[in-house]
Amino acid sequence: MNDIMRPATEWELKSMIMALAERAIPVEILGAGSKRGIGRPVMAPVALTTGAMRGISLYEPAELVMSARAGTPLSQIEVELASHGQMLPFEPVDLGPALGTDAGLQTIGAVFAANLSGSRRIAAGAARDYLLGVRGVNGRAEIFKSGGRVMKNVTGYDVARGLAGSWGTLAVLSEVTFKVLPLPDDVATLVYPDLTDDLAIELMSTAMTQPYEVSGTAHLSPTLVRRLRHKGLSKETRSLTAIRLENFTRSITYRKQKLRELLAAYGAPLELELESSLEFWSEVRRLSFFPANGTHLWRISTTPSTAAALVSAVRRHMRVEAFYDWSGGLVWLETPASADAGSADIRRAVATHGGHAMLIRADEAVRRTVEVFQPLGPAVDRITRGIKTAFDPMRLLNPGRMYATL
Amino acid sequence: MRFACFRVAFRPLFGYVHPRLLMAQPLDEEPGERTSEMSSIALPLPDPDIVTQRDQIVRDLVAICGADAVISDEDGRRAFETDALTAYRRMPLAVVLPTSTEDVAAVLKYAKANRIRIMPRGAGTSLCGGALPLEDAIVVGISKMNRVLEIDFHDRFARVEAGITNLAISATVAPEGFFYAPDPSSQLACTLAGNLAMNSGGAHCLKYGVTTNNVLGVKMVTMDGEILEIGGAHLDSEGYDLLALIVGSEGQFGIITEATVRILRAAEGARPMMIGFESSAKAGICVARIIASGIIPVAIEFMDKPAIEVCEAFAKAGYPTNVDALLIIEVEGSEQEIADRLAYIASIAHELNPLALVVSASEEQSAKIWKGRKSAFGALGRIADYYCMDGTIPLAHLPHVLEQITEICSRYGLGVANIFHAGDGNLHPLVMYDANKPGDNDKAEAAGAEILTLCVSVGGCLSGEHGIGIEKRDLMRAQFTDEDLAVQLRIKSVFDPDWLLNCGQVFPLDAVEAAMAEAAAAPPEAAEPGPAEAA
């Protein structure tokens, strides 16, 4: 991989895609490259990064909207938002540490192209829910836009949102426009120790079904807890189940008390105040307890009520460490190194219990042989390939990254 | 270049659908048609071959779905000839009201085999002609499929048949303190299917989002009669986010028969306040300051003086009538939280010297305040015919846009009342006209088009929540380039390469022709790459 193309403008991007299209040369699409190890290996002689297209092009705090060129580092965006007391509500996860790179590298374009959301997703929605508009160039070297900069927009099909999670296989984003929200005034976390997976999910779901706007629920196995670097929790050796409240201080005080009473049967919680909460959820967001240690890492979306059974089913075949996010609806599963990353057993468990699984961390050799993304049924597969053809008929953009035939 | 989905499908069609679109004429130029004044939007002409086979088609539909599900007599069909954009009417070929997904699939498979157009229909409350049939189309209405299939409070979802009304979902889960968030004004009548097709919003989406943010999965029948399951009770998509594309596709990709939606636990309480200002500009500043302060109310609704007067006369909501602009702002939480937040908002408003500031003191007063707002369209309908617009603008342009709207309407000699969701910039100017006055309808349409073009020119869009339908179809180029449109049209062709579903809607007809020509000109597809090649 010697050549990396670095368009600085949308026009340059278009010209480069056009040149590649004329010669039928496939291309790997990158932001900062921090998620390059995710997906099936892309076999392309050249790569193109959006990294030179950077900068915030519009920010209206009073309208809760920002536009940025796709290669703008997420860190730059979050600093700018924080300086106006705002944030990205979907709390994008940072897979850097889990993939063995530094944290804080990813670009805003890649955040939306991968649609990876963090803990607040359960209350606030996913990255795609905040994506209002995109500009980009498809595999036909056409510059196009979809959506816009306003909150409510049903003008034409929702192509912008449809591109979220397409991992650069349909178009290269040049600019994204997204909704932002105010940062909460205060944060507090109730942490319940020593619950089984079943009880933890019951507790998290009970918390989510109260009128107290719980904004994050997470359950970590004892092994994962021992890997925490959090100052206040570093001596813990039991499982921990965390319930986050974000609001005005007076509201938090009131709601915390209500939740304590309601959840009294689950034991006495530890309580993390503002700083301590931020530290804990920052670790969760960086998945710092899944260091690149030679194991595999899976991301499984299912319903909370089936999550524990799903994990148990996998555990019958291999040793696993589980982190449950989204009140159990998202399971991050560390599995031992093996030729298929535990794929057969995990896919079977997901087929039984519902949802989908994606292999996040594995060697290139493994990712070449097992499906990384959830295999699609025949009908959806046919439509998926039709969509690919509509955007990128020559299969130039990230060929094979999601599925072999895509 | 390969266009897998187009090649096979379009070649036989070329010279068949294509000329129909080319010949598209205004409704009132057709002999023997019931004419309408408000008729400047061209519609595809019916295929005479299909129309002459009507009796056989009806017999076939009865054989597929049973006589109970088929409406073929003229009086029966008349109920389906229009929607809430009543100026446009077309008598459909036949109406089918299936009771199962399998029946929907059988009807679509039959229609596809016989190249008959299909018009999906929910409750027919579309304000943009989204359910307007064609004379050679079978209306497939799913209002009989309205059952609740599964409710899971633990996992916070409801699985329902898509013909259920919006409000019925909330009503079903309300005893447990839950609700379904999107709340369009027509929620008593409109179906979830229609909400999904149009990606409907409502007054409370400032906090809770619109339909696309609250749906987890759908069961959809494609034009091939294939039943697709997209998403489910879990979150996020495993591959491409097809759900994102389907929601808001205005029924052009398939007919949704079931959906899994997010249900939310309702807040402990909610209460509105009213703040009146002497100018819309000040009201706009107030909204911006509230949002910038870090409070996101559940709803911020705006009414101008004509709207206030009409609604007050109708609902006796207690609106201040000495103001030029009124904000209705609702917050949620416990008693104390509500009091805290309303006080905070009041302190922001006080800096702008409001002419009126009233916090609701009781449940009854809150209900009245909302009743006035939600009955605005009906109340205005008692004193004038009106044309309801739906543009969205960046909030900073509010004063300028409101001035321009007044200017545009007065230029046409028409009145206008403004009611809208201020928190997210979604305007509903109600352009008033007299349907009995010759030429007034055309003026209203022309003024509406200017207003929407204005919204786009300041960075907004043609439609915030009502959809494009036929009404705004020919304005799409104000917002999109030909390449932007081509990207969308190709997706339509993936789902429905023959363009049988909901034909004549959403896109300018000549853009559709161009898409068909592109597909027809596509070279044959290369051999399907195997996994080895891709790896």
Side-chain angles (χ1 to χ4, degrees), chain A residues 61-64 85 125-126 128-129 138 142-145 148-159 161-162 164-166 181-182 205 208-211 250-251 254 301-305 326 329 354-356 368 373-374 376 379-380 383-384 386-387 389-390 393-394 399-400 402 404-405, chain B residues 1-5 153-155 198-199 201 209-210 213 226 228 232-242 244-245 248-249 265-268 288 291-292 294 334 337 340 392 394-395 424-426 459-465 467-468 479-480 483-484 487-488 490-491 494 529 531 534-535:
Chain A
E63 292 174 19
L64 307 174
R128 56 89 94 175
D129 290 300
N138 62 17
E142 294 169 339
I143 293 176
F144 69 95
K145 66 170 180 300
R149 57 163 287 195
V150 287
M151 298 295 136
K152 280 168 81 179
N153 185 348
V154 297
T155 317
Y157 304 150
D158 198 347
V159 178
R161 207 161 262 131
S166 64
L181 282 179
S205 293
M208 286 306 300
T209 51
Q210 304 308 313
R250 254 164 83 111
S251 281
Y254 163 74
S301 175
T302 186
T303 48
S305 57
W326 303 356
H356 51 86
R368 201 187 301 278
F373 287 79
Q374 176 73 26
L376 304 173
V380 171
I383 287 171
T384 297
I387 302 280
T389 304
M394 296 174 71
M402 289 180 78
T405 57
Chain B
M1 304 269 270
R2 301 177 295 117
F3 299 81
C5 297
F153 293 107
H154 183 271
D155 289 343
M198 294 311 197
N199 192 13
V210 295
N213 311 117
E226 191 163 34
L228 289 182
H234 55 272
L235 299 176
D236 289 354
S237 174
E238 64 259 53
Y240 290 159
D241 197 338
L242 300 180
L245 295 173
S249 63
R265 176 67 190 263
E268 288 178 88
I291 290 174
S334 67
E337 288 171 322
D340 285 354
T392 305
L395 203 57
D424 36 39
N426 188 192
C461 65
L462 295 173
S463 182
E465 57 183 4
I468 300 302
Q479 189 170 331
F480 294 116
E483 287 187 339
D484 299 337
V487 163
Q488 299 181 42
R490 289 185 199 117
I491 299 173
V494 171

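Naming: A, B, ... by sequence-line order, numbering from 1 per chain.
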| Option that, when pairs with chain B are counted at under 4.5 Å, heavy atom only, ranks first among Gly329(A), Gly156(A), Gly148(A) | Gly156(A)
| message | Just so I understand: if I count every heavy-atom pair under 4.5 Å between each of Arg149(A), Arg161(A), Met402(A), Lys145(A) and chain B, which residue has the most? | response | Lys145(A)
| Proximal component of Thr302(A), with respect to chain B [non-hydrogen, under 4.5 Å] | backbone
| query | Considering only heavy atoms, which portion of Ala379(A) lies under 4.5 Å from any heavy atom of chain B: side chain, backbone, both, or neither? | reply | both
| said: Walk me through whether Thr155(A) and Phe480(B) qualify under side chain to side chain contact (heavy atoms under 4.5 Å, CB included). | reply: CA-CA 10 Å; Thr155(A) 317; Phe480(B) 294 116; 3.9 Å; yes
| said: Only pairs of heavy atoms separated by less than 4.5 Å count here; which of Leu245(B), Asn199(B), Asn213(B) has the most with chain A? | reply: Asn213(B)
| query | For the atom pair CG (Asn138(A)) and CD (Glu483(B)), what is the distance rounded to the nearest 0.5 Å? | reply | 8.0 Å
| task | Go through the atoms of Glu226(B) and report whether side chain, backbone, both or neither lie under 4.5 Å from a heavy atom of chain A. | result | side chain
| request: For the residue pair Asp155(B) and Ser305(A), confirm or rule out a side-chain donor-acceptor distance under 3.5 Å. | output: yes
| query | Can you tell if the side chain of Thr392(B) reaches within under 4.5 Å of the side chain of Asn153(A), non-hydrogen atoms only? | reply | no
| query | By side chain to side chain contact (heavy atoms under 4.5 Å, CB included), which residues pair with Glu238(B), not counting sequence neighbours? | reply | His356(A), Gln374(A), Leu376(A)
| task | Can you tell which part of Leu462(B) gets under 4.5 Å to a heavy atom of chain A, answering side chain, backbone, both or neither? | result | both
| remark: Applying side chain to side chain contact (heavy atoms under 4.5 Å, CB included) to Asp340(B) and not counting sequence neighbours gives Arg250(A), Gln336(B)
| Picking from Gly209(B), Ser334(B), Gly232(B), Gly248(B), which has the most non-hydrogen pairs under 4.5 angstrom with chain A? | Ser334(B)
| message | Quick check on Ala288(B) against chain A: is it the side chain, the backbone, both or neither that has a heavy atom closer than 4.5 Å? | response | both
| field | Atom of Cys461(B), atom of Val150(A) and distance for their closest heavy-atom approach | value | SG-CG2, 3.8 Å
| field | Segment of Ser237(B) engaging chain A (4.5 angstrom heavy-atom cut-off) | value | backbone
| query | Which atoms of Leu242(B) come close to chain A, meaning under 4.5 Å heavy atom to heavy atom: side chain ones, backbone ones, both, or neither? | reply | side chain
| Asn426(B) versus chain A, the contacting section by heavy-atom distance below 4.5 Å | side chain
| remark: Honestly, the part of Ala233(B) sitting under 4.5 Å from a heavy atom of chain A is both
| task | Please look at Phe153(B) and chain A and tell me whether the side chain, the backbone, both or neither of the residue comes under 4.5 angstrom of a heavy atom of that chain. | result | backbone
| note | Nearest heavy-atom approach of Asp236(B) to Ala126(A) is OD1-CB, 3.7 Å
| note | In short, Gly162(A) meets Ala244(B) closest at the heavy-atom pair N-CB, 3.8 Å
| said: If I compare all heavy atoms of His234(B) with all of Thr303(A), which pair ends up nearest, and what's the gap? | reply: N-CG2, 4.0 Å
| Pro211(A) versus Ala266(B), closest heavy-atom pair with distance | CB-O, 3.1 Å
| Which bit of Tyr157(A) comes within less than 4.5 Å of chain B, counting heavy atoms only: side chain, backbone, both or neither? | both
| Smallest separation among heavy atoms of Ala390(A) and Val494(B), with atom names | CB-CG2, 4.2 Å
| said: For a 4.5 angstrom cut-off between non-hydrogen side-chain atoms, does Met198(B) reach Val154(A)? | reply: no
| remark: Heaviest contributor of heavy-atom pairs below 4.5 Å to chain B, chosen from Ser251(A), Ser166(A), Gly165(A), is Ser251(A)
| Is Ile387(A) close to Ile491(B) at the side-chain level, that is, under 4.5 Å between some pair of heavy atoms? | yes
| Most contacts with chain A, counted as non-hydrogen pairs under 4.5 angstrom, among Gly425(B), Ala267(B), Gly239(B) | Gly239(B)
